[in-house]
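Single-structure report; data block below.
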Amino acid sequence: MKNAAKTITRFSVCLALILALNYLESLVFALIPLPIPGCKLGVSNAVLLYLIGRREIKSAYLLAILRSLFHFLLFGGALGAAFSLCGGLFSVTAMALTSSLTDRGYSFISISLFGSVCFQIGQMLPAVILYDFGVLYLLPWLLLAGLIAGGVLGILQNLLFERIKTADQSA
Amino acid sequence: MRATKKDLVFLLILILFCALLCIPVFSGTNAAGETVSVYRSGALIASYPLDRDTVFTISDSVDLTVQIENGTVRVLHSACAGQDCVHMPPIANAGQSILCAPQQILLRITGSSGAPDAVVS
């Protein structure tokens with residue numbers, strides 16, 4: 001029972017955090033005139049990476065879906081929600097498939113890099129399907145942004161897990 | 001947990017993977033464009049040649065101003081909330097597109113020759 005309460009609380013905190021990060025990201029990138037319309041860097045994926053790190057794959061999928069749903073309900077924009085949902089599901093799948101890499105001498109950087117790249121590919125898919133292959137010329141820039149974001153998030157995740165392990169052990 | 005040499009190898013493999021993904025993107029957009037076609041909700045509503053500098057506005061429950069200058073196309077003004085189409089970089093090559101999703105407008109460059117000077121329906 002104690003574990004269930006802990007899990008629910010942790011998930012709730014993760015949900016609040018991912019929504020806040022998602023909103024902050026859209027605010028920040030609305031101010032900077034980047035030529036990458038509608039698509040995001042994926043900073044809020046840090047929370048998904050955290051859940052993957054804890055091997056809570058189902059929670060990560062649920063969080064990715066809820067992120068898109070809540071963003072649509074709170075701020076509108078069906079297309080942005082579709083990009084976010086597709087990117088999120090691609091990202092979680094990629095990170096889930098590579099989650100065991102940490103047992104084989106890799107760190108979270110590898111998982112995060114792959115997740116970020118797949119996030120960008122996942123975002124482009126609805127755009128290409130709904131509209132035109134012409135939007136694909138932005139893909140190289142999105143992939144580059146994904147690699148940079150993935151690297152940074154992976155480094156942060158490495159630092160986080162060192163401290164969380166210590167906190168969990170002392171609880 | 002610290003970064004390892006295996007992470008570096010993974011990064012290099014991923015960079016190679018991304019480069020392979022980008023090959024069709026770069027190889028498909030080398031041809032210079034000749035006309036820009038304007039689609040609204042999937043239907044062609046206008047075409048303009050790229051060799052003539054011009055500014056045109058799409059109206060009628062839509063508000064989008066497009067500029068053709070030196071063979072490139074960009075959106076000057078749009079009534080949409082996101083302004084993503086305005087921030088997209090100018091396009092010039094055949095196959096490239098600018099999309100205004102909220103207003104369902106697609107500007108697409110084609111390289112076909114012998115197209116009419118202007119088609120307005």
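Only heavy atoms go into these numbers, but all of them, side chains included; no hydrogens, no water, no symmetry mates. Labels below follow one simple rule: chain letters A, B, ... track the order of the sequence lines, proteins then strands, and each chain is numbered from 1.
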Which portion of [X] sits near chain A, non-hydrogen atoms under 4.5 angstrom:
X: B:L11; result: both
X: B:I91; result: side chain
X: B:Y39; result: neither

Against chain B, label [X] side chain, backbone, both or neither, depending on which of its atoms sit under 4.5 Å from a heavy atom there.
X: A:I155; result: neither
X: A:L143; result: side chain
X: A:L160; result: neither

Who wins among A:G150, A:S110, A:G151, A:G105 for the most heavy-atom pairs under 4.5 Å with chain B? A:S110

Determine the interplanar angle of the A:F114 and B:F10 rings, folded into 0 to 90°, and report it as parallel if under 30°, tilted if 30 to 60°, perpendicular if over 60°. perpendicular

Could you tell me whether the side chains of B:T35 and B:T110 share a donor-acceptor contact shorter than 3.5 Å? yes

Is it true that B:T4 and A:S107 share a donor-acceptor pair across their side chains at a distance under 3.5 Å? no

Taking the six-membered ring for Trp and the full ring for Phe, Tyr or His, determine whether the centres of A:F119 and A:F90 are under 6.0 Å apart. no

A:I52 and side chain to side chain contact (heavy atoms under 4.5 Å, CB included): which partner among A:V92, A:N45, A:V47, A:T98? A:V92

Apply side-chain hydrogen bond (donor to acceptor under 3.5 Å, both in side chains) to A:S44 and A:R67, showing your working. CA-CA 9 Å; A:S44 56; A:R67 171 178 63 178; 2.7 Å; yes

